[in-house]
A.B. asks: 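Sharing a structure here in structure tokens format.
Throughout, protein chains are lettered first and strands after them, A, B, ... in sequence-line order, and every chain is numbered starting at 1.
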Amino acid sequence: MSTSTLTSGLRFPGHSLMHAAGRAEAATRTLRFALDRVLPPVLITAVLLGIWELLCSGDGAVLPPPTQVVSDTWELIVNPFYDYGGNDVGMAWQILASLERVAYGYVLAVIAGVSLGVLVGQSTWAMRGLDPLFQVLRTVPPLAWLPISLAGFQDSNPSAIFVIFITAIWPIIINTSVGIRNIPEDYRNVARVLRLNGAEYFHRIMLPAAAPYIFSGLRIGVGLSWLAIVAAEMLIGGVGIGFFIWDAWNASLISDIILALVYVGIVGFMLDRLVVFIGNRVTRGNEAGS
Amino acid sequence: MSAHYLTIENIDMTFNSGKVASHVLDKVNLRVDKGEYISIIGHSGCGKSTVLNIVAGLISPTSGGVILDGSEVSKPGPDRALVFQNHSLLPWLTVYENVALAVNKTLRKTMKASERHDWILHNLAMVNMTHALDKRPAEISGGMKQRVGIARALAMQPKVLLLDEPFGALDALTRAHLQDEVMRIQAELHNTVLMITHDVDEAVLLSDRIVMMTNGPSATIGEVLSIDLPRPRDRIALADDPRYNHYRQEVLRFLYEKQRKLENLSEHRAKKDEGTASEKARAS
């Protein structure tokens, strides 16, 4: 009986009698959420950190335990924005430098990838001509593009951006073209009956209909970009999280490497969530591909 | 030049898929007057949807042609608005936006923006959907989607309204309700309507004439039945009306006696296509 009162109290918050009950219900719900969703990952992480601590605490351990990582890198953790000139800048600057390269390369890949995907999705001739090329080129590992782009651009920064671009573009092209090909015949017929012109068809029908596919390509693309930037930066040097890791390795600062890996993971996760979030906003209500 | 509003002239349709050519329609001829409500009925696979798609301009006939209001149909256009069985609303647009897309495209030159807005609301009010203007298709029921589809088609001010089994995917109660609405709207607007159906009651209730198609391949128009029942028609009163039952019987006789799908059982078993075979058995 009490449960039903509580539920109705939540549905009609205007009823002052039910108000307190509703708040209590909300509080229990928050607690339940914490128990169901927050507790398990926290618990598992704690257990894993404990095991790591145990394994690496002995005298012969080659890797530092988590407590030592934190104490070694405490300066870096609390001072993310310091700038002593050259490569000696805080972790936040390192990550932002990498993110900037990713942003340039990724945005270019999105523009070129969606355009090429539309072309390949719309025209059978273009698909026959380009698809074999795409299928071969997309298997080339990101870093294999680096020497050729260094040779072409004669400069490290555009080369890194090009590596991001060439890594992210394939899933975007392929998913976009699949999305375009899968536009239901009914939607095309609606466009034909209304006599929509090319531009109207593109932004009224094609883009929204293919959006769920396009966004799954964008999501894969952003993940690959972030994977590639770390590797590329290790080779090109300068400010950036990739070179920071390489630099730390050369200086045998294992704790710094571990901290950097944690940051790389968190940033990659956030990039993925960001694209998912934008995708959900844009494709809201479109059940066609989700 | 014919005096009729819509003329379907000697349409032949052959589909070629690889080496296999299937002759679907054979010399289909039909003349429709302005304001007439025509139903096309026939067993599934008889090519009635093909006829509708040709009138819509979505496919071109192998030979023959369609003339609407003095000009030949060569491609799809808003003067032949379609209502599909599966509503075909765009899921990323709201109810209002779905109708607005059609209105803003087709009536841009003849109406001002404010007039178009009123016209959209007017058409949605006609199908009783004003309460859900900002809902997306996924958030409304199948019957409601079909109403919006009808509103979208009507809002284009078509010369002929093409309905492809518009109530086929709906439950019986919703279907009856929508049929009544279509009759009410038809009494008001006097549209020229071409409707595909496989429901005998629906055909008799709604139509001025019922076009009965023979079985494919090489399907054509078998008989045309004029329904001289006074309007407005009331389904409950008509249920006891001997004329209504006579018309019903005429259509049933055509479908199940003259055009019965005869196939004996051993042939059935020999056929690979189990699915269609059992369907045909059920139909006969």
A.B. asks: Using a 3.5 Å distance criterion without hydrogens, assess whether the side chain of B/Trp92 forms a donor-acceptor pair with backbone atoms of A/Arg204.
C.D. replies: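 Checking the backbone N and O of A/Arg204 against the side chain of B/Trp92, a donor-acceptor pair under 3.5 Å is found.
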A.B. asks: Of all heavy-atom pairs between A/Tyr187 and B/Leu89, which one has the smallest distance, and what is that distance?
C.D. replies: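 Heavy atoms only, the tightest pair is CE2-O, 3.8 Å.
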A.B. asks: Mind checking side-chain contact (heavy atoms from CB on, under 4.5 Å) for B/Ala153 and listing every partner two or more places apart, or none if nothing turns up?
C.D. replies: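 Once residues adjacent in sequence are excluded, the partners of B/Ala153 under the side-chain contact (heavy atoms from CB on, under 4.5 Å) criterion are B/Ala81, B/Val83, B/Leu161.
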A.B. asks: Are the side chain of A/Arg195 and the backbone N or O of B/Pro78 linked by a donor-acceptor pair below 3.5 Å?
C.D. replies: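 Checked: no pair found.
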A.B. asks: Quick check: are there more than 12 heavy atoms from other residues, nucleotides or ligands sitting under 6.0 Å from OH of A/Tyr104?
C.D. replies: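 No, not enclosed.
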A.B. asks: Go through the structure and list residues passing side-chain contact (heavy atoms from CB on, under 4.5 Å) with A/Arg188, not counting sequence neighbours.
C.D. replies: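 Partners of A/Arg188 by the side-chain contact (heavy atoms from CB on, under 4.5 Å) criterion, ordered by chain and then number, come out as A/Gln122, A/Ile183, A/Glu185, A/Tyr201.
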A.B. asks: Got a sec, which residues hit side-chain contact (heavy atoms from CB on, under 4.5 Å) with A/Val140, two or more places apart in sequence or on another chain?
C.D. replies: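 side-chain contact (heavy atoms from CB on, under 4.5 Å) list for A/Val140, sorted by chain: A/Ala144, A/Trp145.
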A.B. asks: With a 4.5 angstrom heavy-atom cut-off, is it the side chain or the backbone of B/Arg152 that approaches chain A, or both, or neither?
C.D. replies: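 Contact with chain A involves the side chain of B/Arg152 alone.
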A.B. asks: Do you know which of B/Ser88, B/Gly77, B/Gly57 has the most heavy-atom pairs with chain A at a distance under 4.5 angstrom?
C.D. replies: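 Looking at each of B/Ser88, B/Gly77, B/Gly57 in turn, B/Gly77 comes out on top.
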A.B. asks: Using side-chain heavy atoms (C-beta onward) and a distance below 4.5 Å, is B/Leu82 in contact with A/Asn189?
C.D. replies: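 Not touching, per the 4.5 Å side-chain cut-off.
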A.B. asks: Using non-hydrogen atoms and a limit below 4.5 Å, what part of residues 102-117 of chain B faces chain A?
C.D. replies: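 B/Ala102, B/Lys105, B/Thr106, B/Arg108, listed by number.
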A.B. asks: Name the member of A/Val190, A/Leu196, A/Leu194, A/Ile205 that forms the most heavy-atom pairs with chain B at distances under 4.5 Å.
C.D. replies: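 Sorted descending by pairs with chain B, the first entry is A/Leu194.
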A.B. asks: Given side-chain contact (heavy atoms from CB on, under 4.5 Å), test B/Arg80 with A/Val193 step by step and report yes or no.
C.D. replies: CA-CA 8 Å; B/Arg80 283 152 287 128; A/Val193 169; over 6 Å; no
